[in-house]
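To start, the structure itself, in structure tokens.
Quick caveat, the model's predicted, so the values are computed rather than measured. In what follows, every chain begins at residue 1, and chains take the letters A, B, ... in the order their sequences are listed. Computed from heavy atoms alone, side chains included, the values below leave out hydrogens, waters and symmetry copies.
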Amino acid sequence: MAAVSLIVTGDKEVNRRLAALEPKLQKKFARQATRAVAKKVAQEAKGLTPSISGRAKRTFKVRAIKRKVGVIGSQVIAGADERGGDSPYYLKFLELGKEGQPALKFLRGTLYDRANRWQREFEKELRRFIVAA
Amino acid sequence: MSTILAAVRDFLESKSAIRQLSFGKIFYDRAPEVIAKPYILITVVAVNRFYTLLNEADAASIVVQVDVWHTDTNEMEKLAEAIRLAMSGTQNVFWGNPDAGGRYVFSAKILREDVNADRPQDGSDRWVYNFSRDYDITHREPVPTH
């Protein structure tokens with residue numbers, strides 16, 4: 001089988017050290033790093049979420065993206081109550097707006113406004129996993 | 001930020017298909033309390049500026065949410081598609097009026113899209129439909145040289 005090189009960051013040093021690892025380890029570290037960053041994203045988004053009872057905030061979860069060829073990573077899910085309770089469906093309306101109600105965009109703002117920061121965090125986490133190996 | 005928003009609006013208004021389908025009703029952030037549909041609502045979601053080592057670079061990126069509100073799903077899709085065809089995939093094009101804060105746009109791409117339906121309100125039997133897309137627009141932003 002041909003060697004697989006995984007270029008995931010803009011940091012040459014991290015790319016070089018990552019390329020020296022086995023493909024299986026490359027994927028493992030990249031997956032762990034995305035999960036660590038996704039947890040931070042979820043934490044920050046939670047802090048920005050408007051809250052009265054705290055029900056919406058309790059629905060923030062980090063999940064692995066379903067693995068496909070060439071795709072690994074983690075996602076932040078909010079607004080779905082997996083324990084069978086009433087889902088805070090209104091989270092979508094708060095985020096995207098409704099007729100007569102402007103969008104609050106606190107979830108997308110967390111991602112888009114701080115895109116550079118999350119990329120740096122990813123590189124930092126990835127470096128941490130590589131050094132620890 | 002406000003000038004790139006004006007550039008987005010001017011650009012959309014300059015497209016005859018969009019102007020006809022929306023009757024020229026394009027608003028920022030919130031629509032007037034009483035307004036007949038259809039209309040287009042533009043909301044800023046995020047702004048990212050780029051920097052050199054020493055200073056601000058002459059480029060910025062803005063994420064805007066462009067919502068189409070309509071009472072007819074077919075017409076809503078037509079209008080949303082006209083906007084997509086005008087904005088998405090834009091490369092190195094000038095948007096808006098050069099004399100009134102228009103902007104040179106390097107790229108514009110869709111980040112998210114979604115369709116929603118709002119229940120009839122106030123005894124009405126009319127559902128309201130909403131086609132929502134987020135566009136990431138990277139554009140040239142003048143920087144003072146003093």
Side-chain angles (χ1 to χ4, degrees), chain A residues 9-12 34 37-38 40-50 56 59-60 63 65 71 73-80 86-123, chain B residues 1 25 27-51 57 59-71 76 109-122 124 126-138:
Chain A
T9 74
D11 186 320
K12 282 183 184 171
T34 58
V37 177
K40 290 178 185 175
V41 173
Q43 195 62 36
E44 189 143 330
K46 254 190 206 182
L48 295 170
T49 304
T59 63
F60 278 78
R63 290 273 180 274
I65 291 175
V71 179
S74 304
Q75 58 187 343
V76 178
I77 299 169
D86 287 341
S87 293
Y89 61 91
Y90 50 82
L91 205 54
K92 183 178 182 180
F93 301 135
L94 293 175
E95 171 65 24
L96 301 176
K98 264 184 104 206
E99 200 194 1
Q101 177 187 311
L104 297 182
K105 63 231 176 181
F106 49 94
L107 297 176
R108 287 169 296 163
T110 309
L111 261 190
Y112 302 157
D113 265 343
R114 300 160 179 77
N116 294 338
R117 180 182 147 200
W118 300 129
Q119 193 177 339
R120 281 199 305 274
E121 289 277 352
F122 174 73
E123 286 168 16
Chain B
M1 189 173 76
K25 285 181 278 187
F27 305 106
Y28 299 139
D29 208 36
R30 62 181 69 207
E33 189 86 10
V34 180
I35 183 83
K37 287 160 204 71
Y39 63 83
I40 299 169
L41 191 62
I42 304 171
T43 312
V44 177
V45 177
V47 180
N48 273 307
R49 295 193 178 277
F50 303 123
Y51 297 92
S61 159
I62 185 170
V63 179
V64 290
Q65 178 180 341
V66 181
D67 287 326
V68 173
W69 288 93
H70 216 302
T71 49
M76 174 195 72
K109 60 186 178 194
I110 296 172
L111 292 182
R112 178 196 63 84
E113 50 193 330
D114 196 12
V115 181
N116 296 295
D118 264 11
R119 287 175 181 284
Q121 289 180 347
D122 304 331
S124 157
R126 281 211 155 176
W127 283 73
V128 179
Y129 302 96
N130 160 238
F131 204 122
S132 174
R133 280 195 177 107
D134 286 354
Y135 290 89
D136 184 1
I137 301 164
T138 307

Between chain A and chain B, which N or O donor and acceptor atoms come closer than 3.5 Å?
unit_1: A:Lys92; atom_1: NZ; unit_2: B:Asp114; atom_2: OD2; d: 3.3
unit_1: A:Lys92; atom_1: NZ; unit_2: B:Asn116; atom_2: OD1; d: 2.8
unit_1: A:Leu96; atom_1: O; unit_2: B:Gln65; atom_2: NE2; d: 3.0
unit_1: A:Glu99; atom_1: N; unit_2: B:Asp118; atom_2: OD2; d: 3.4
unit_1: A:Glu99; atom_1: OE2; unit_2: B:Lys37; atom_2: NZ; d: 2.4
unit_1: A:Lys105; atom_1: NZ; unit_2: B:Val44; atom_2: O; d: 2.9
unit_1: A:Arg108; atom_1: NH1; unit_2: B:Gln65; atom_2: OE1; d: 3.1
unit_1: A:Arg108; atom_1: NH1; unit_2: B:Asp134; atom_2: OD1; d: 2.9
unit_1: A:Arg108; atom_1: NH1; unit_2: B:Asp134; atom_2: OD2; d: 3.0
unit_1: A:Arg108; atom_1: NH2; unit_2: B:Gln65; atom_2: OE1; d: 2.8
unit_1: A:Tyr112; atom_1: O; unit_2: B:Asn48; atom_2: ND2; d: 2.7
unit_1: A:Asp113; atom_1: OD1; unit_2: B:Val47; atom_2: N; d: 3.2

Hey, what do you get for CG (A:Leu104) to CG (A:Leu96), rounding to the nearest 0.5 Å? 10.0 Å
Taking only residues two or more places apart in sequence, or in another chain, which ones meet B:Val34 in a side-chain contact (heavy atoms from CB on, under 4.5 Å)? none
Counting only non-hydrogen atoms closer than 4.5 Å, does B:Val45 touch chain A with its backbone (N, CA, C, O), its side chain (CB onward), both, or neither? both
Of all heavy-atom pairs between A:Leu107 and A:Ala45, which one has the smallest distance, and what is that distance? CD2-CB, 3.9 Å
side-chain contact (heavy atoms from CB on, under 4.5 Å) against A:Ser74, all qualifying residues, sequence neighbours excluded: A:Thr34, A:Arg35, A:Ala38, A:Val62
Does B:Val44 reach the side chain of B:Val63, with side-chain heavy atoms less than 4.5 Å apart? no
Could you grab the distance from atom CZ of B:Phe27 to atom CD1 of B:Ile40, nearest 0.5 Å is fine? 10.0 Å
